[in-house]
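Below is one structure; the comments refer to it alone.
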Amino acid sequence: MVRIAKKTDPKKLAELKTKIHDEDYLLQAIQKIAQDLTRNLEHGE
């Protein structure tokens, strides 16, 4: 399910815009997504 933010925090958005260019941050984010997907597939959620 995709959620759309109704109120965007400018400070958090600026932080994310910086992090998106950080390779370590992206690798960690992708790893977390992969783990969540795997866990959901294993448990049939």
Side-chain angles (χ1 to χ4, degrees):
M1 178 169 147
V2 176
R3 290 181 12 182
I4 298 172
K6 294 185 180 173
K7 294 182 182 178
T8 305
D9 182 347
K11 187 176 180 180
K12 285 185 180 180
L13 186 58
E15 246 180 73
L16 283 174
K17 285 181 179 181
T18 301
K19 287 180 179 179
I20 200 73
H21 299 289
D22 180 349
E23 189 172 329
D24 288 334
Y25 173 80
L26 289 178
L27 290 173
Q28 288 177 5
I30 291 168
Q31 175 126 16
K32 182 176 180 352
I33 292 167
Q35 288 172 343
D36 289 347
L37 287 172
T38 301
R39 197 173 303 118
N40 287 340
L41 287 172
E42 288 176 346
H43 298 313
E45 295 176 12

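Rounding to the nearest 0.5 angstrom, the gap separating the CD atom in Glu42 from the CG atom in Leu37 is 11.0 Å. One distance of note links CG of Leu16 with NZ of Lys11; it measures 13.0 Å at 0.5 Å rounding. Atom CG of residue Leu13 and atom OG1 of residue Thr18 lie 9.5 Å apart, to the nearest 0.5 angstrom.
Atom CD of Glu23 has 12 or fewer heavy atoms from other residues, nucleotides or ligands within 6.0 Å.
Ion pairing between Asp22 and Lys19 fails under the 4.0 Å rule for side-chain N and carboxylate O.
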